[in-house]
Amino acid sequence: MKEILSGNEAIARGAFEAGCRVASAYPGTPSTEILETITRYRDINSSWAPNEKVALEVAIGASFGGARALVCMKHVGVNVAADPLFTASYTGVKAGLVLVAADDPEMHSSQNEQDSRNYARFAKVPMLEPGDSQECSEFTRLAFDLSEQFDTPVMLRSCTRISHGKSIVELGERRNDLPPPRLVKDAAKLVMLPGNAKVRHPLVEERTVKVSAFGDTAAFNRMELRSSEIGVICAGVTYQYVREALPEASVLKLGMVWPLPENLIRQFAAAVDQLFVVEELDPFIEEQVKALGIATRGKELIPRCGELSPGRIRDSFATAGVIVVPKVVTVAPEALPPRPPNMCPGCPHRGLFYQLNRANAYVTGDIGCYTLGFMPPLNAMDTCVCMGASISIGSGIVRALPAEEQKRVVAVIGDSTFLHTGVNSLMEMAWNRAPATVVILDNRITAMTGRQENPASGFTLNGEPASEVNIPELCRVLGIKNVRLVDPYDLEATRQALDEEMNRPEPSVIVTNRPCCLIKGGGRFEKGMVLEVDQGRCTGCKACLRIGCPAIEWKPDPEGNTGKAFIDPSLCTGCTVCQQLCRFSAIGGKR
Amino acid sequence: MSYAVTNILLVGVGGQGILLASEILSEAFMLAGFEVKKSEIHGMSQRGGSVVSHVRFGSQVLSPVVPEGEGDLLFGFELLETYRALPLLKPGAKVVVNDYRIPPPSVLLGQVPYPDDLLARIRSRFPEVLPVDGQGLAQAAGDLRAANTVLLGAVSRRLSIADEVWRQALERMLPRKALEINLQAFAKGRTL
């Protein structure tokens, strides 16, 4: 049977067919839908973890117990999971262990565009890179097999265009011939003390040599000989772009991007007149080909930053004088009003960021929907580095500042991000008495990635009721004495809380307590009465526009008089934040 | 290109239902026996931002992304976003556009006006443009929420896929209770 699947759905399908028993992940674009799909396969024990390190360790544990295990994360998640990854490379596995890293070239939804392939080389584990959804399914199954064959974790690298691209996949049956999980004592392999690790390291080095040789003849590395004039080494989605941009070129399509098949590369290089490596981001393959003593060109013509596309590859080859392309006539882009992402109408973060702006706070931010608090007209975020960093960066900034400026420092972090890596930061801040203010935006969900449950939301990935971290209590036991709750829809209460806590010369935490307005189920979010502007009372002062709500539109007067504000009833959720800003009582409930 | 691939771009604002429309299109192409690939960006760009979905079908499809300047058919859910996407099209491309405006933030804040005459400006570059009153026709069909299906019907007329295949794709992709109203909305669009 055939189905149109996204790369993420196909990875989930591949894991199911491979007999995977345990799957763990922390949500992160573009990887999130892998676990959301896996939860449909009830033969797999699947769950969210608070962060990627924990997720990988859950998967390592399942593998040690003899079950095939999958762990998924976005590229920056691998940074968090790097610690167990590097040593799991030494222990190897008891059953197949596959780590999916989804890169985001072009940074569609990320803070950097690091190239995960470097991790495969660094941690000395094989990495496969699929080029469409069919290969996502096939390579996932293959990754489990290779993991067991070579006693190693295997990484599967996706990217935004593969994970979120859809194409046709042939569906297969689930394997049921795998040995049942059971405990087997094997301390020499699994207890990584120096004595044992010294024995394991040479095995890791030998393994890389063996996998490289295996890749020389494996079907996943494929030579396609066409014209001998141009030969291109490529992998993943870039293969599709190269085939489209240079249809006559010979291609060496690598299914495994680490370790590289040295003999196959030499064979291909000998078969073509000019050799190129076309790859997104780093010159990862190029440097290794050059290290083999083979002349090739790559980043001297192909951009290092951003995504590639057939057009960009064609342009690069044309600019370098390798090919001649006819000029394509298209409509020239014009300067138009941009449409950046925005917080939703009714978003509970809006009132808080409005007050942070008014309070002249210096806001150390974090990763989530609330990072949009940076955008005008709220303009209330000053730093954003990585998950959990808001609190520790705030804690660090205050110790560099004079007392008067210390007051201005406010860290903002969402519930899911706080539980991901913010808890340790708050522990540090309390312990070392850094006098910053932390606001935990508890909207009861991991909103940015599409509303996934988290350890404080009260439900598991599968929708089952679960324990619920009490965030204010957690802050108290970490050593924060001043913990208070505030309703972010109440502008005056929010202002007062910020004012008092910012002026307090010791650590304090404010927890906002409104659920995300997109959680419609379970009675978590309640829509209020739709608001409207009384056009007679509106003076056109624009105070309500300062919160940047997408439901409020400024309508200029056709005759040149002062314009008026207008609320779109189809968008308004009745949060009343704009109503509290109107000094002329022009905003009221609509029947 | 050595393979005859048809390139469709769906553009609009996050939350308008573009992804579902592109999935119905893809399903129809698969049912009609073509290879199909589609691509779009989730996450950050969906928070009310511009959305572009790429759908390509043919005997063999390589890149999931439509190369710039090679779009054959633009399916616009909103005027400004449709105008913004014109550089993705090849000369002579067809455009089906919902005659509907969603003001972007700078317009909401009264900093700049919503660009005027967009329809005329699209027509001057792509004479084969069909403006559709998606919302109005959907209301006439009995449900404002079926606006996208009216537009999809209008798009379907510009693609050589049989009536029966479209029906099957809609049946497979839509919830049962919404099917009847959407089939009516689709039929209305297909006459345009």
Side-chain angles (χ1 to χ4, degrees), chain A residues 2-4 6 29-30 32-33 106 108-110 132-133 160-162 164-168 237 239-241 243-245 247 307 309-311 314 328-334 336-344 369 372 375-377 448-450 542 545 548-550 552-556 563, chain B residues 1-3 5 13-15 22-23 26-27 29-30 35-50 54-55 61-71 78 80-81 83-84 86-91 102-115 125-126 144:
Chain A
K2 286 182 173 178
E3 231 180 278
I4 299 179
S6 70
T29 314
T32 311
E33 300 83 0
E106 199 75 27
H108 296 288
S109 218
S110 302
D132 60 19
S133 296
T160 302
R161 295 297 178 180
I162 291 296
H164 288 171
K166 287 200 166 188
S167 54
I168 300 170
V237 75
Y239 163 79
Q240 314 288 0
Y241 300 155
R243 289 286 295 115
E244 190 145 343
E307 280 185 320
S309 68
R314 217 176 286 151
V328 184
V329 186
T330 54
V331 174
E334 282 178 48
L336 293 167
R339 198 186 299 272
N342 194 352
M343 290 175 192
C344 305
C369 292
L372 295 170
M375 307 280 291
M448 182 82 251
T449 42
K542 294 191 175 179
L545 297 176
C549 176
I552 309 177
E553 181 177 6
W554 177 255
K555 294 222 164 148
Chain B
M1 281 302 92
S2 44
Y3 307 100
V5 173
V13 177
S22 68
E23 289 191 356
S26 304
E27 191 73 14
F29 301 142
M30 182 182 77
E35 183 171 359
V36 56
K37 284 189 181 171
K38 102 179 184 102
S39 179
E40 67 257 328
I41 304 299
H42 306 187
M44 196 58 127
S45 55
Q46 277 187 320
R47 298 276 174 278
S50 306
H54 304 241
V55 179
V61 184
L62 294 162
S63 162
V65 182
V66 175
E68 277 181 35
E70 292 187 20
E78 197 274 347
L80 175 59
E81 295 313 310
Y83 189 74
R84 201 191 303 281
L86 297 184
L88 300 172
L89 302 182
K90 68 167 64 151
I102 300 176
S106 56
V107 174
L108 290 176
L109 296 174
Q111 293 162 347
V112 295
Y114 191 97
R125 292 167 173 86
F126 295 93
L144 190 58

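Hydrogens, waters and symmetry mates are skipped; everything else that's a heavy atom, side chains included, is used. To find a chain, count down the sequence lines: A is the first, B the second, and so on, and within it residues start at 1.
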task = Can you sort out the partners of A/K542 under salt bridge (charged side-chain N to carboxylate O under 4.0 Å, His left out), two or more places apart, ordered by chain and number?
result = none
request  = List in chain and number order the residues that pass salt bridge (charged side-chain N to carboxylate O under 4.0 Å, His left out) with B/E35, two or more places apart in sequence or in another chain; answer none if no residue qualifies.
outcome  = none
message = Using only atom types and a distance under 3.5 Å, with no angle test, would you say the side chain of B/E78 pairs donor to acceptor with the backbone of B/V13?
response = no
message = Main chain of B/L80, side chain of B/Y114: is a donor-acceptor contact present, judged purely on distance under 3.5 Å?
response = yes
In terms of heavy-atom proximity below 4.5 Å to chain A, should [X] be classed as side chain, backbone, both, or neither?
| X | result |
| --- | --- |
| B/K37 | both |
| B/P103 | both |
| B/L86 | both |
| B/I102 | both |
| B/R125 | side chain |
| B/S106 | side chain |
| B/V36 | both |
| B/Q111 | neither |

Select one option (side chain, backbone, both, neither) describing which atoms of [X] are under 4.5 Å from chain B's heavy atoms.
| X | answer |
| --- | --- |
| A/P310 | side chain |
| A/P556 | neither |
| A/I552 | backbone |

note = Counting heavy-atom pairs under 4.5 Å with chain A, the top scorer among B/E27, B/H54, B/M30 is B/M30
task = Using a cut-off of under 4.5 Å on heavy-atom pairs, state which of B/E68, B/E23, B/E81, B/K90 scores highest against chain A.
result = B/E81
key: Distance-minimising heavy-atom pair for A/S110 and A/T29   = OG-O, 4.2 Å
request  = Would you mind telling me which of A/P376, A/G311, A/P340, A/S309 has the largest number of heavy-atom pairs within less than 4.5 Å of chain B?
outcome  = A/P340
ask   = Of all of A/Q240, A/R339, A/E553, which one pairs up most often with chain B through heavy atoms under 4.5 Å apart?
value = A/R339
request  = Using a strict 4.0 Å threshold on nitrogen-to-oxygen distance, state whether A/K166 and A/E33 make a salt bridge.
outcome  = no
task = Say whether B/S22 and B/K38, considering side chains only, have a donor N or O and an acceptor N or O under 3.5 Å apart.
result = yes
inquiry  = Let's go through A/M448 and A/C369 carefully: what are the C-alpha distance in whole Å and the side-chain angles of both, what is the deciding distance for side chain to side chain contact (heavy atoms under 4.5 Å, CB included) to 0.1 Å, and is it a yes or a no?
reply    = CA-CA 5 Å; A/M448 182 82 251; A/C369 292; 3.9 Å; yes
message = Within the structure provided, determine whether A/E307 and A/H108 are in side-chain contact (heavy-atom separation under 4.5 Å).
response = yes
